[in-house]
Amino acid sequence: MIRIENGPWSVMVAHAKRTYPNECCGAMLGTIDGGSKQVREALELENAFDGAQAARYELRPEDLLAADKAARDRGMELIGVYHSHPDCDAYFSTTDLRNSCPWYSFVVLSIQKGEFHHANSWLPNADQTAADKEELVY
Ligand SMILES: [Zn+2]
């Protein structure tokens, strides 16, 4: 399961609302204790998708590497990636699956008419053909 502390959760929701009607994306840093992940910091990253960003996001590999380094510098780990779905449910799309990696949690925030609606966390399988829902607490 993944638990997001109030601080990073506020950052993620504010980022998603500010970016609406486009998708936002960012990194989640924190600690892992057995099967339990604790997100302690959220880092806003730039949506680098070169096209309509209302239904698509893209992370630069170098931004993700920098987030990973930032986490390690602070004694944490890069736990996963978040992004928003403007006026769409918090499902994990085929594109999301294709752009994922199996060792991260992927939190999707559904923003409906500019307001936060609901969120889900997804764990892609090793060959990125399906993603299981992970218990999410925020
Ligand atoms: Zn998506």
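Scope of the values below: all heavy atoms of this structure, side chains included, with no hydrogens, waters or symmetry mates. All ligand and atom numbering here is 1-based and tracks the order in the structure.
Looking at V81 and Y57, their side chains come closer than 4.5 Å, going by heavy atoms from C-beta outward.
Annotation: D33, atom CG; neighbour count of heavy atoms from other residues, nucleotides and ligands within 6.0 Å does not exceed 12.
Residue C88 does not count as close to the Zn ion (ligand 1), with no N, O or S atom under 2.8 Å.
When all heavy atoms are compared, the tightest approach of S84 to A16 is CB-CB, 3.8 Å.
The Zn ion (ligand 1) sits nearest to atom OD2 when only the N, O or S atoms of D96 are considered. The minimum distance between the Zn ion (ligand 1) and any N, O or S atom of H83 involves atom NE2.
For R56 and E23, the salt-bridge test fails: no basic side-chain N is under 4.0 Å from an acidic carboxylate O.
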